[in-house]
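Just below is one structure, and these are the notes that go with it.
Numbered from 1 within each chain, the chains take letters A, B, ... in sequence-line order.
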Amino acid sequence: MTRQQVLDLYFMDARCKLIELAAFLDRVDRATGEADFRLAAFRAALGGLASDETGRAAGVLRSFSDPTDQPIEKATVKGAVGAWPG
Amino acid sequence: MRYIEPHGHMVSRTTDDYLDMVTAGCAAVCEPAFWAGFDRSSADGFHDYFCQLTEHEPRRAARYGLPHYCWLCINPKESEDVKLAEDVIALIPQFLDRPTVLGIGEIGLNKNSRNEVKVLEQHVDLAARHDQLILVHTPHLEDKLKGTRLILDVIKSDSRIRPGRVLIDHVEEHTVKSVLDRGHWAGMTLYPISKCTPARAIDILDVYGGERLWMNSACDWGESVPLAVPRTAFEMRRRGWSAEAVDRVVFQNPVRFLSQCPKFKLPE
Ligand SMILES: [Zn+2]
């Protein structure tokens with residue numbers, strides 16, 4: 001695809017998602033109480049978007065990931081929350 | 001258009017979904033054993049589930065002219081209880097000769113715990129002893145990267161397993177390369193929020209080529225879209241893929257991998 005074609009197909013969708021991100025951060029600002037580790041992980045991942053290098057999607061996914069390499073002792077929950085609590 | 005749904009949990013879906021899938025060109029559906037959304041209390045519950053997967057569900061699909069195949073295992077979400085897992089694994093051999101069983105799956109990891117790894121090793125051993133294909137579930141979200149690495153190591157450490165007979169599912173941008181580099185097949189799951197969107201799955205195809213990749217909806221009892229594969233095929237066409245190139249990914253690739261099991265018949 002040409003860049004023009006990518007823009008024709010995906011610009012409005014990406015624009016919409018970008019505004020959603022901005023609105024999400026505003027919503028978090030307006031809310032009360034303490035945020036948990038997910039907000040810091042989100043802001044850290046956002047930083048990766050400004051990179052000039054390709055591979056941003058993988059970078060965002062990696063930044064949300066558990067970076068350790070040994071199995072945990074025991075699974076006490078079944079679900080995942082989208083960011084590594086540390 | 002024709003396509004294969006290589007990963008659908010049809011026991012959780014309605015007959016309307018079967019009708020929609022067949023109408024959209026689905027030529028065969030494959031159903032890995034998975035977690036029911038609640039923990040089964042005994043191995044007997046799995047015995048009944050395996051009967052459902054090998055007897056009842058193929059009959060239900062046949063009413064829509066759709067060949068239905070399955071994979072058997074205890075899902076990693078229920079692998080923390082090693083005794084239960086061992087009891088379930090002991091049940092599986094009696095089902096392996098059934099005509100629609102393709103192999104062992106979807107095994108893998110969920111929270112990357114020691115017991116999950118132990119049960120994964122037992123499943124891999126079972127597959128090796130019975131010369132079965134393997135379908136692997138990789139963990140969700142923040143656990144996927146680490147889990148994929150652990151899974152790849154477990155498989156590599158069993159020299160009886162030929163990499164091309166293993167499909168590692170639910171890959172995303174940060175895991176796909178390591179899976180393909182090891183010689184395995186990779187599956188991309190098209191989910192509305194987690195895993196891959198259609199656009200990202202096609203990006204991955206653009207970057208890594210479509211040689212050993214397939215796409216699935218992994219439709220189940222959660223938020224999922226049974227028609228995700230044909231919708232993604234449509235998006236591929238919008239992005240300039242030829243009909244033949246789309247067919248290679250959504251039909252011929254699953255056929256190539258699954259035909260390694262002689263029980264899988266080329267859909268008409
Ligand atoms: Zn599944």
Within residues 204-222 of chain B, which positions have a heavy-atom distance to chain A below 4.5 Å? none

Please rank B:Arg149, B:Arg238, B:Arg114 by heavy-atom pairs under 4.5 Å with chain A and give me the top one. B:Arg114

Relative to chain A, which of B:Lys146, B:Glu78, B:Arg200, B:His140 shows the most heavy atom pairs under 4.5 Å? B:Lys146

Atom group of A:Thr76 that falls short of 4.5 Å from chain B, counting heavy atoms: neither

Whether B:Glu116 and B:Lys77 form a salt bridge (side-chain N of Lys/Arg under 4.0 Å from carboxylate O of Asp/Glu) is what I want to check. no

Tell me whether B:Lys195 is salt-bridged to B:Glu172, with the criterion being a basic N under 4.0 Å from an acidic carboxylate O. no

Electrostatic pair B:Arg231:B:Glu235 at N-O distance under 4.0 angstrom: no

I'd like to know if the side chain of B:Tyr49 reaches the main chain of B:Phe34, judged simply by a donor and an acceptor atom lying under 3.5 Å from each other, with no hydrogens or angles considered. yes

Less than 4.0 Å between a side-chain N and a carboxylate O, is that true for B:Asp125 and B:Arg129? yes

Donor-acceptor pair, B:His184 side chain versus B:Pro163 backbone, under 3.5 Å? yes

Between B:Asp203 and B:Arg239, does a salt bridge (charged side-chain N to carboxylate O under 4.0 Å, His left out) hold up when you go through it step by step? CA-CA 10 Å; B:Asp203 292 339; B:Arg239 282 171 64 157; 2.6 Å; yes

Are B:Asp143 and B:Lys111 close enough for a salt bridge, meaning some N to O gap below 4.0 Å? yes

Residue A:Val77 versus chain B: region with a heavy atom under 4.5 Å: both

Of the listed A:Val60, A:Thr68, A:Asp13, the one with the largest count of heavy-atom pairs under 4.5 Å with chain B is A:Thr68

Residue A:Asp66 versus chain B: region with a heavy atom under 4.5 Å: both

Honestly, the part of A:Leu9 sitting under 4.5 Å from a heavy atom of chain B is side chain

Side chain, backbone, both or neither: which part of A:Gln5 has an atom under 4.5 Å from a heavy atom of chain B? neither

Side-chain heavy atoms of B:Thr175 within contact of B:Thr138, under 4.5 Å: no

Looking at B:Asp39 and A:Lys78, is any side-chain nitrogen of the basic one under 4.0 Å from a carboxylate oxygen of the acidic one? yes

